Trainee: 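Below you'll find the structure I mean.
Order of the sequence lines fixes the chain letters, A, B, ..., with proteins taken first and strands second; residue numbering starts at 1 for each chain. Computed from a predicted model, the values in this text were never measured in an experiment.
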Amino acid sequence: MAAELEPEDGDWEALVRGELRARERLATFAHAVALVELARRGAALAAREDLAQEVVRSTLAFAARGGPAPKDLATFLKFRSWGVLSDHRKRQRRAPPMQSSTTELPGRDRSPERVAELGQLRGALADCVARLSKEQRSVVELRYQRQLETTQIAAELGLHRNTLHVRVFRALAALRECLARKGFGMEDLDP
Amino acid sequence: MSALRPEDQARCLEYIDGELDEAAQLEFERRLAHEPELALAVEQLLATDRVLREQLLAPKVERLPWHLRLVSATAWVAAAAIVLAVSLWFILNLVTGERSRVAFVASHESPLEALASAPELRELRPEGLSALRGSQESPNISAEEFLRVEAAVRERQAGDALERRVTSGEAGFFRIEIELEEDSIVYVQGFAADGEQFELQAAPLRLPAGRHELPRPRFSVDPEHPGTLRYDRGYLVPVGCGTLEVFVATVPAGKPLDSWPTGNEPNLMDDILLEAGAKVHNLTVREPR
């Protein structure tokens, strides 16, 4: 769908020059990519249109400010959609506790096979967490089980934020590799 | 493990955690569109992060004043305390009569599975959930009408579970049906087979007399997005726990508990709860294998 709407070469620069047709093509393309990506990421149905509009707005504003053209526009828009959704979820987390645990509608059906896979995945994940180094396991436990914010974890462990981020990155990479060895690839981890 | 520089690894984390302001976010997204390796790293991080949040986790107990800290140093001591507590409360129930009834109900991770679990709901395509059922299918029932039908189904299932006194089952997610004869404060705690304690209910619930579904109704209209149905999958059975012993404790609304027995004094728990006039129900949930 999105490929048919792909903007023409030079549209980004044309938009920077203020050309309306280029702006329209970019907006249409961004909107289409955003709707697909937001659905894939499990954004709530009723929120998708507003979030897609925000993707369009921020993208056009970035271009209009003279932001350099992305090499791969579709990839840029996919991550832009994630960025907008991430901000939206962050705002939702500030809602009262009873609201914040609301389950967003999943982006796709879960067949019985998929449910069975998820059961196996949970077991494999628990095993992989147990195999992490003590330092990595502690950040995973604080981040996911106690659901502490970065600032709280950094304070509890006495780490600089950047050090903590790197440790979390490496812990997640180790978990992903462990899961891959157990037969769970990226496609199994996708939303 | 990763060819990325440590500063880029940190940046990736800041990005997926939403810690960047819009300008920094946009600049990083532009980089992602230029650097496939970086983009792949972020995709992998997002996927792993999501799996951890969805599949692994149940909130663990913070040190709150109302803890049900039955667990001491070893799992055997914890198991013995649980058995002792259940026995004592069973005897107490015989003496005092029923002030509340509790039953276990298996739940489902997705709304589709929940719909498929009841014949009355299987063919329904409510507004707000219709997109989950494939674009070729259009809604065949309004959200309000669906909620009425679903409430009737739920009422029947809850009545059946309470009548049959269902106190155990196998599930990845579960709900609790509770019937209270008076306004009460309800506490829900879980204990894994190894004695680890899990906070299933973030805070005590103040509930009026009547029948309730915990943690909350599985289907409801999203107040922030009218026209969209919200689904709640229930309590999560922590991965790797084996068997989760669930304690549902109720006290009259006017008599909240000041504190709960700690793991260091399990034999005092019964005295304290007895003095407070609490009633405890025990459920057993087996993790699916």
Trainee: Select, from B/His34, B/Glu7, B/Glu22, B/Glu35, the one with the greatest count of heavy-atom pairs under 4.5 Å involving chain A.
Mentor: B/His34

Trainee: Is there a donor-acceptor pair under 3.5 Å between the side chain of A/Arg170 and the backbone N or O of B/Gln9?
Mentor: no

Trainee: About how many Å separate CZ of A/Arg161 and CD of B/Glu14, when rounded to the nearest 0.5 Å?
Mentor: 6.5 Å

Trainee: Test side-chain contact (heavy atoms from CB on, under 4.5 Å) on B/Tyr15 and A/Trp82 and set out the steps.
Mentor: CA-CA 10 Å; B/Tyr15 177 68; A/Trp82 161 255; 3.3 Å; yes

Trainee: Is the count of non-hydrogen atoms from other residues, nucleotides or ligands lying under 6.0 Å from A/Arg131 atom CZ greater than 12?
Mentor: no

Trainee: Rounded to the nearest 0.5 Å, how far does CD of B/Glu27 lie from CZ of A/Phe62?
Mentor: 5.5 Å

Trainee: So which heavy atom on A/Arg122 is nearest to which on B/Gly172, and how close?
Mentor: NH1-CA, 3.6 Å

Trainee: Taking it one step at a time, do B/Leu52 and A/Arg143 satisfy side-chain contact (heavy atoms from CB on, under 4.5 Å)?
Mentor: CA-CA 10 Å; B/Leu52 277 161; A/Arg143 179 181 167 92; over 6 Å; no

Trainee: CD/B/Glu19 to OG1/A/Thr151 distance, rounded to the nearest 0.5 angstrom?
Mentor: 7.0 Å

Trainee: Determine, step by step, whether A/Lys78 and B/Glu29 satisfy the side-chain contact (heavy atoms from CB on, under 4.5 Å) criterion, reporting the C-alpha distance in whole Å, the side-chain angles of both residues, the deciding distance to 0.1 Å, and the verdict.
Mentor: CA-CA 9 Å; A/Lys78 284 177 185 173; B/Glu29 284 157 0; over 6 Å; no

Trainee: A quick test of your reading: do over 12 heavy atoms of other residues, nucleotides or ligands sit less than 6.0 Å from CZ of A/Arg23?
Mentor: no

Trainee: Given that the side chain runs from C-beta out, which part of B/Asp49 has a heavy atom under 4.5 Å from chain A: side chain, backbone, both or neither?
Mentor: both

Trainee: If we define contacts as heavy-atom pairs under 4.5 Å, which of B/Val42, B/Ile16, B/Leu46, B/Asp8 has the most with chain A?
Mentor: B/Leu46

Trainee: Most heavy-atom pairs under 4.5 angstrom with chain B, which of A/Val84, A/Val166, A/Leu175, A/Asn162?
Mentor: A/Val166

Trainee: Hey, what do you get for OH (A/Tyr144) to CZ (B/Arg53), rounding to the nearest 0.5 Å?
Mentor: 5.0 Å

Trainee: Name the region of A/Ala69, side chain, backbone, both or neither, that has any atom closer than 4.5 Å to a heavy atom of chain B.
Mentor: backbone

Trainee: Let me confirm one number: the CZ-CG distance from A/Arg176 to B/Leu45, rounded to the nearest 0.5 Å.
Mentor: 6.5 Å

Trainee: Please report the interatomic distance CZ(A/Phe169) to OG1(B/Thr48), rounded to the nearest 0.5 Å.
Mentor: 9.5 Å

Trainee: Of all of A/Asp87, A/Thr163, A/Leu164, which one pairs up most often with chain B through heavy atoms under 4.5 Å apart?
Mentor: A/Asp87

Trainee: Among the options B/Ser220, B/Pro36, B/Gly18, pick out the one with the most heavy-atom pairs lying under 4.5 Å from chain A.
Mentor: B/Gly18

